[in-house]
Amino acid sequence: MSKNSKKIKEELFFPKNKDLKDCSTNASKYFSGNRDDLEKEIDKLTDKLSDLQELIFAESNHKILIILQGLDTSGKDGTVKHVFSSTNPQGVRVVSFKPPTEIEKAHDYLWRIHKESPKRGEIVIFNRSHYEDFIVPYVHHFLPPHKLKQRLKDIVNFEKMLSTEGVIIFKFFLHISPTEQAKRILERIDNPAKHWKFSMSDLREREHWKRYIKAYNIALKKSHHPDAPWNIIPADDKRLRDFLISSILVERLSNLNPRPARMDPAVIRKVQREAKLLLKK
């Protein structure tokens, strides 16, 4: 764990006395080494996260939910790809919520979210989540104020229920600047290999930047609570973003001290005796 872990833990919890627009998108102060040092530290964290994930899966006790939110190009896909690159797919599941299907529309808006929650031993990553059901209607005036207010209450109660049922919740808001977003959108347009990532909606939604920040500011403050705290991740630098998220995950998951069940010593001795007999044949 980096010597900066305490600083990261203390500062990246969402500051309720500040607005999101006042939170920096630059993470340089959280790592003092050079880029080679950063890559080495990320490699260590990646290996540690892989070990922890294997133990959590083998123990089959804890249920882990990781929520990634952020504006377009903020790095949600990149976080999944790089932070969890060494984990075992057998115990990690990624859910990307698209516009609801007709079946999903026939249920309450949290129905499709709830059924994707993690089971024991599983880490589930929400690439976008139930917060979209507040953010998008707020930005585009799809719902009246009283219904938006109720949705936030529903989301908080939903997360408290998950926590009561043993789900450990991580919430990361990937905070990117308008300048960096513009750069990444242009990269998608100019690079044929990234054309699949580009959508005209990226440009249209960018016109609502201030309203998105306002919506997130409301949502993050109202839904930041001890059972499911928000971490604001400065995301202009992709590798520093990965470092910060990995640091937070490793520290908190380590505190769970996951330990797989062990066989009774008498059973082990019996198995050893029978194995030796079988191997002699």
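Predicted model only: the values in this text are computed from it and were never measured.
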Is R93 salt-bridged to E116, going by a charged N under 4.0 Å from an acidic O? yes
Side chain proximity check, F172 to I248, heavy atoms < 4.5 angstrom: yes
Could you state the interatomic distance from CZ (R112) to NZ (K105), rounded to the nearest 0.5 Å? 10.0 Å
Validation row: L52, P258 side chains within 4.5 angstrom (heavy atoms): yes
Less than 6.0 angstrom separating the ring centers of F158 and H114, yes or no? yes
Any link between V250 and F57 through a network of hydrophobic side chains (Ile, Leu, Val, Met, Phe, Trp, Tyr) touching at under 4.5 Å? no
Distance in Å, I245 CD1 paired with I66 CD1, rounded so as to fall on 0.5 Å steps: 9.0 Å
Any donor-acceptor N/O pair, S177 side chain to T25 backbone, under 3.5 Å: no
Give the cluster check for V156 versus I113: same hydrophobic cluster or not, with ILVMFWY residues linked at side-chain heavy-atom distances below 4.5 Å. no
Determine whether Y30 and F243 satisfy the following criterion, ring-ring contact (aromatic ring centres under 6.0 Å, His included), listing intermediate values before the conclusion. CA-CA 9 Å; Y30 295 107; F243 164 72; 8.5 Å; no
Verdict with supporting geometry, K210 and K214, side chain to side chain contact (heavy atoms under 4.5 Å, CB included): CA-CA 6 Å; K210 289 184 179 180; K214 184 177 180 181; over 6 Å; no
Is L65 linked to L220 within one hydrophobic cluster, defined over Ile, Leu, Val, Met, Phe, Trp and Tyr using a side-chain heavy-atom separation of less than 4.5 Å? yes
With the side chain counted from C-beta on, respond yes when V167 and P118 share a heavy-atom pair under 4.5 Å apart, and no when they do not. yes
Decide yes or no for L162 and S117: does some side-chain heavy atom of the first lie under 4.5 Å from some side-chain heavy atom of the second? yes
Does R239 pair with E39 as a salt bridge, N-O distance under 4.0 Å? yes
For a 4.5 angstrom cut-off between non-hydrogen side-chain atoms, does E41 reach K44? yes
Please tell me whether N255 and E251 have a donor and an acceptor in their side chains that are separated by less than 3.5 angstrom. no
Kindly indicate whether the side chain of P234, heavy atoms from C-beta on, has any atom under 4.5 Å from the side chain of L244. yes
If we ignore hydrogens and angles and just use 3.5 Å, is the side chain of S85 paired with the main-chain N or O of H82 as donor and acceptor? yes
Any chance you could pull the hydrophobic cluster mates of V136, using side-chain heavy atoms under 4.5 angstrom and chaining through other members? F142
Any donor and acceptor pair, going by atom type alone, linking the side chain of K63 with main-chain N or O of E165 inside 3.5 Å? yes
Testing the basics here: between T101 and E104, what is the closest heavy-atom pair and its distance to 0.1 Å? N-OE1, 2.9 Å
Between K21 (side chain only) and I213 (backbone N and O only), is there a donor and an acceptor less than 3.5 Å apart? no
Assigning hydrophobic clusters by single linkage (Ile, Leu, Val, Met, Phe, Trp, Tyr; side-chain heavy-atom cutoff under 4.5 Å), is I155 placed with L20? yes
May I ask you to establish whether R252 and F170 are in a cation-pi arrangement, using a distance under 6.0 Å from NZ or CZ to the six-membered ring centre and at most 45° from the ring axis? yes
Quick check: do R206 and P178 have side-chain heavy atoms less than 4.5 Å from each other? yes
Would you confirm whether Q150, through its side chain, and K147, through its main-chain N or O, come within 3.5 Å as a donor-acceptor pair? no
Between E205 and H140, is a side chain to side chain contact (heavy atoms under 4.5 Å, CB included) present by the stated rule, with each step listed? CA-CA 10 Å; E205 294 305 303; H140 294 287; 2.9 Å; yes
Check this for me, if you would: do R128 and D72 make a salt bridge, where the nitrogen-to-carboxylate-oxygen distance has to be below 4.0 angstrom? yes
Under 3.5 Å, is there a donor-acceptor pair between the E159 and H130 side chains? yes
Same apolar cluster (I L V M F W Y, side chains within < 4.5 Å links), L38/L249: yes
What do you reckon, is NZ of K48 surrounded by more than 12 foreign heavy atoms closer than 6.0 Å? no
Under 3.5 Å donor-acceptor, R188 side chain and A193 backbone: no
Would you please say whether a donor-acceptor pair under 3.5 Å links the side chains of S28 and N26? yes
Ion pair present between R120 and E59, side-chain N to carboxylate O less than 4.0 angstrom? no
Less than 4.5 Å apart, any side-chain heavy atom of W209 and any of Q181? yes
Do you know the tightest heavy-atom contact between L174 and K76? CD1-N, 3.6 Å
Cation-pi check, K115 onto W111 ring (under 6.0 Å, within 45° of axis): yes
Could you measure the distance from the OH atom of Y216 to the CH2 atom of W230? Nearest 0.5 Å is fine. 7.0 Å
To the nearest 0.5 Å, tell me how far R151 CZ sits from D133 CG. 5.5 Å
Please walk me through it: do L256 and I168 pass side chain to side chain contact (heavy atoms under 4.5 Å, CB included)? CA-CA 10 Å; L256 297 177; I168 298 168; 3.4 Å; yes
Determine yes or no for a side-chain-to-main-chain donor-acceptor pair under 3.5 angstrom, with R184 supplying the side chain and T73 the backbone. yes
Backbone N or O of F84 within a donor-acceptor pair of the T87 side chain at under 3.5 Å? yes
Non-hydrogen atoms of F134 and A215 that approach each other most closely: CE2-O, 3.5 Å
Tightest non-hydrogen contact, residues I189 and H195, listed as O-NE2, 2.8 Å
Once rounded to the nearest 0.5 Å, what's the spacing between atom CG of N217 and atom CG of D19? 4.5 Å
Looking only at side chains, do Q69 and S129 share a donor and an acceptor under 3.5 Å apart? yes
Using only atom types and a distance under 3.5 Å, with no angle test, would you say the side chain of S223 pairs donor to acceptor with the backbone of A219? yes
Could you tell me whether a side-chain N or O of K171 sits under 3.5 Å from a main-chain N or O of I67, the two making a donor and an acceptor? no
With side chain to side chain contact (heavy atoms under 4.5 Å, CB included) as the test, would you mind laying out the steps for V83 and T46 before giving the verdict? CA-CA 6 Å; V83 172; T46 301; over 6 Å; no
Give a yes or no on this: more than 12 heavy atoms of other residues, nucleotides or ligands lie within 6.0 Å of atom CD of E132. yes
Under 4.0 Å between a Lys/Arg side-chain N and an Asp/Glu carboxylate O for D190 and K183? no
In Å, rounded to the nearest 0.5 Å, how long is the span from CD1 of I135 to CD1 of I218? 8.5 Å
